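Presented below is the structure to which this report refers.
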Amino acid sequence: MKVTKALMPTLRDVPAEAEIVSHQLLVKAGFIRRNAAGIYSYLPLALRVLRKIETIVREEMDRSDAQELLLPIMQPAELWSESGRWDVYGDEMFRLKDRHNRDFCLGPTHEEIITDVVRGEVKSYKQLPMNLYQIQNKYRDERRPRFGLMRGREFIMKDAYSFDRDSAGLDDSYQTMFDTYVKIFDRMGLDYRPVEADSGAIGGDDTHEFMVLAENGEALIAYCSSCSYASNVEITEINDTAKEKLSEKPLLKVATPDKKTIEEVAAHLEVPQDNTLKTLVFDADGEKIVVVIRGDRILNEIKLKRLLKTDFLEKADEESIQNLFNCDPGYISPLGINEITVYADNEVKYMTDAVCGANEEGYHYLHANTDRDFGEMTFSDLREVVEGDLCPKCNEPLIFARGIEVGQVFKLGTKYSESLSAKYLDENGKEQIMVMGCYGIGVSRTMAACVEQNYDDRGIIWPKEIAPYQIVVIPVQTNDELQYTEAEKIYKELLAKGYEVMLDDRKERVGVKFNDADLIGYPLRITVGKKIADGIIEYKERNQSESEQIQPDELYDKIATFFKK
RNA sequence: CGGGGCGUAGCGCAGUUUGGUAGCGCACAUGGUUUGGGACCAUGGGGUCGGGGGUUCGAAUCCCUCCGCCCCGACCA
């Protein structure tokens, strides 16, 4: 392709709305254009990258014996009512009606449709296991689309669904997909980590997220400095081990007027914040519960939700706390609480002579000791992990990193096969419910995540496996007969050898061409300038700072080596 | 959905307070001079000033209303 024929509209300025690097660079380098909030056109350069990502995904999925199909974007409401999600999904689902006033939606995901297809066609244990996938647009009416392709309302996703006879089969399918994802992201040249994660509203047991490591990632992950453990901090387990009690002083009531926050109380009493107790009140499915954690810690609501096995969990409002404790929330504690269930973080068990509220306006207690002073409480791992906490697997310190979620694998179980009755007959002719898994890769997001991880102040640095073009050939002076002819010769030769090449034949100054080349991020740049008269051309890799002067006949081996390694 | 902000040429912006012929830079077109890291000169094309309504002799500017978009929060891939 010649640049003069191509639609690759690079910009000098970036639209003010672009906030993060991947969004700015993809717009500036002429890959994407926005048509509406969270809705983008993929221009030719972007489409080439997407196709390459898809090709890698297809090859590895096919290799794992998954089969590609294509499911509809527009889906009938009936199926979603059957699974119960028509009412649950809420405003995030794009809904529409046909001319007969029948309800439809634009698929935010495809569990219902795939289960409908499979239940109609798969009847025997002999047909299982089966894994079906598609690469298809998804639609979610996000409350706030942002970060360009990271969180759009229309996006491309590879979604796969496995159907097994039983949970042992699902374990195998899950492992196969996990291994396949590792191969996929390895091939894309991304720096990523699979992490243990929360299964959230989709439900199910095991789940891993695949996180591309990037400074601006929205997710926080904790990984072990010595073993392979890694998890989303939302679920990172903490093993708080017993500590020796230093002393046990008697309880002492002290006045703390107008000192309601942990900071204020600790400062007033001249006690470190890590020797105070924080008491929180929650409304869990209509029942009030109390949670106690160390004063300087943050409660992890996901852990609490899992412990309580509840869907609805919300901080109790100030008024109901007043009614329960007869004092301001700043002075409450588990002291003398009998009628309310009390949960505490494991760490609380080992605290000595701590500060806690007196359940009386304006007073706190010094020297509270959990086992001595508090009534019955359930201990569990409830706090948010902090960097330096010990690995739950090997007790070495945990390190934090930011990541962008580009893939997730789930064990769904029978959630959808049951509600939509996807059943098969086993060896004994007995009806059984299929066991499902689902496996997603955000294709368009992966492109953005890749940019987020691979750029410098000049532009994008595509990994060579997914770059839109592999090589750009630049004649310094397009007007110069010799320079242009030689450049075109190299361009044609590279095309003939099967490379994806762009010839920058514009009558622009060379600075413009270099800047665009760096911005667009071709892995390799070949420059033909004045020195061609002496048989010398220039070879430069995008991720190297120095270029090399070489002879044209060295070029092809060099390029072959570069793309082979 | 709550709070804040913005909408003027493809992009970045000024003009709005105080109503009086719609501007600047980049990009684009033509000609010329340049030519190894976003050149220079000249000329030119391009606007329902987000839409509708109102006030006024006159509205980008004042008033009403609708729409779009961005940021923070809550939520989420």
Side-chain angles (χ1 to χ4, degrees), chain A residues 7 9-20 23-24 27-30 33-39 89-93 108-110 137-159 197-202 207-212 217-219 232 234 301-302 314-315 403-410 438-446 448-449 457-459 474-480 483-484 487 504 506-520 525 527-532 536-538 540 545 547 549:
Chain A
L7 177 63
T10 56
L11 302 175
R12 294 210 180 179
D13 301 314
V14 179
E17 68 200 36
E19 278 295 304
I20 61 167
H23 189 194
Q24 290 170 347
V27 171
K28 191 176 182 202
R33 288 292 184 266
R34 190 182 65 79
N35 302 107
I39 309 278
Y89 224 99
D91 293 337
E92 207 173 299
M93 187 150 70
T109 175
H110 284 74
N137 279 359
K138 296 279 185 274
Y139 296 83
R140 295 186 193 172
D141 194 359
E142 288 287 337
R143 283 176 182 182
R144 182 142 89 88
R146 59 180 141 175
F147 302 145
L149 296 187
M150 287 293 182
R151 174 162 263 95
R153 295 194 293 174
E154 174 183 88
F155 56 100
I156 304 171
M157 190 161 160
K158 186 281 310 181
D159 49 322
D198 179 40
S199 56
I202 300 184
T207 178
H208 286 83
E209 292 167 338
F210 285 74
M211 297 281 193
V212 167
E218 50 192 341
N232 191 313
E234 292 173 353
E301 290 193 25
I302 290 174
E314 199 174 57
K315 274 192 181 131
I404 299 162
E405 186 193 336
V406 290
Q408 184 158 23
V409 289
F410 270 114
C438 76
Y439 317 92
I441 290 180
V443 173
S444 42
R445 176 184 274 192
T446 297
D457 55 356
R458 312 202 61 85
I474 298 180
V476 171
Q477 295 217 53
T478 310
N479 294 334
D480 184 290
Q483 288 181 31
Y484 185 76
D504 198 341
R506 290 177 297 174
K507 291 182 170 49
E508 287 285 353
R509 312 182 110 226
V510 72
V512 173
K513 301 187 192 184
F514 284 163
N515 277 308
D516 274 351
D518 289 343
L519 180 60
I520 289 165
R525 187 184 84 193
T527 310
V528 181
K530 257 186 285 203
K531 289 186 181 161
I532 187 63
I536 289 173
I537 59 174
E538 185 181 288
K540 183 174 180 301
S545 54
S547 61
Q549 311 271 317

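The structure presented is a predicted model; accordingly, all values stated were derived computationally and were not measured. Scope of the values below: all heavy atoms of this structure, side chains included, with no hydrogens, waters or symmetry mates. Within every chain, numbering begins at 1; the chains are lettered A, B, ... in the order of the sequence lines, protein sequences first and strands thereafter.
If you check every strand for non-hydrogen atoms under 4.0 Å, A/E19 touches sugar and phosphate atoms only. Looking at heavy-atom distances under 4.0 Å, A/M150 makes contact with a base. Within the nucleic acid shown, A/R34 comes within 4.0 Å of sugar-phosphate atoms alone, with no base atom in reach, counting heavy atoms only. Residue contacts shown for A/G152 include a base, since a base heavy atom lies under 4.0 Å away. In this structure, A/G529 reaches the bases: a heavy-atom distance under 4.0 Å links it to at least one base atom across the strands shown. At a threshold of 4.0 angstrom between heavy atoms, the contacts of A/Q477 include nucleobase atoms, whether or not backbone atoms are also involved. The residue A/D516 sits close to a base: some heavy atom pair falls under 4.0 Å.
The ring-ring contact (aromatic ring centres under 6.0 Å, His included) test applied to A/H110 returns no partner, not counting sequence neighbours. Residues that satisfy the salt bridge (Lys or Arg N to Asp or Glu O under 4.0 Å) test with A/D141, not counting sequence neighbours, are A/R153. Looking at residues two or more places apart in sequence or on another chain, you find no salt bridge (Lys or Arg N to Asp or Glu O under 4.0 Å) involving A/K28. Annotation: salt bridge (Lys or Arg N to Asp or Glu O under 4.0 Å) contacts of A/R34 (sequence neighbours excluded): A/E17. Here A/D13 pairs with nothing under the side-chain contact (heavy atoms from CB on, under 4.5 Å) rule; sequence neighbours left out. Qualifying ring-ring contact (aromatic ring centres under 6.0 Å, His included) partners for A/Y439, counting only residues two or more places apart in sequence or in other chains: none. Remark: A/E405 engages no residue in a side-chain hydrogen bond (donor to acceptor under 3.5 Å, both in side chains) (not counting sequence neighbours).
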For this session: Check step by step if side-chain contact (heavy atoms from CB on, under 4.5 Å) holds for A/F514 and A/R525.
Result: CA-CA 9 Å; A/F514 284 163; A/R525 187 184 84 193; 3.6 Å; yes
For this session: Would you sort out whether A/T478 and A/R506 count as a side-chain contact (heavy atoms from CB on, under 4.5 Å), showing the intermediate values?
Result: CA-CA 7 Å; A/T478 310; A/R506 290 177 297 174; 5.8 Å; no
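Put simply, CD on A/E218 is 10 Å from P on B/A77, counting in whole angstrom units.
The partner of B/G12 is B/C24, by the rule that a Watson-Crick or G-U pair needs both atom distances under 3.5 Å. When both pairing distances are held under 3.5 Å, B/A59 makes no Watson-Crick or G-U pair with any nucleotide shown. If you check B/C75 for Watson-Crick or wobble pairing at under 3.5 angstrom, you find it has no partner at all. Within the shown strands, nothing qualifies as a pairing partner of B/C49 under the Watson-Crick or G-U definition with both distances less than 3.5 Å. The pairing partner recorded for B/C40 is B/G32, the criterion being a Watson-Crick or G-U wobble arrangement whose two distances lie under 3.5 angstrom. The nucleotide B/U17 finds no pairing partner, because no Watson-Crick or G-U wobble arrangement with both distances shorter than 3.5 Å includes it.
Remark: A/R144 is in phosphate contact with B/C72, judged by side-chain N or O atoms under 4.0 Å from OP1 or OP2.
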Could you list, one pair per line, each protein nitrogen or oxygen that sits under 3.5 Å from a nitrogen or oxygen of nucleotides 9-13 of chain B, together with the distance?
{"from": "B/G12", "atom 1": "OP1", "to": "A/A16", "atom 2": "N", "distance (Å)": "2.8"}

Can you tabulate the close N/O pairs, meaning under 3.5 Å, that link protein atoms to atoms of nucleotides 39-41 of chain B?
{"from": "B/A39", "atom 1": "O4'", "to": "A/R509", "atom 2": "NH1", "distance (Å)": "3.4"}
{"from": "B/A39", "atom 1": "N9", "to": "A/R509", "atom 2": "NE", "distance (Å)": "3.4"}

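With hydrogens and angles left out, the side chain of A/R525 and the base of B/G37 share a donor-acceptor pair within 3.5 Å.
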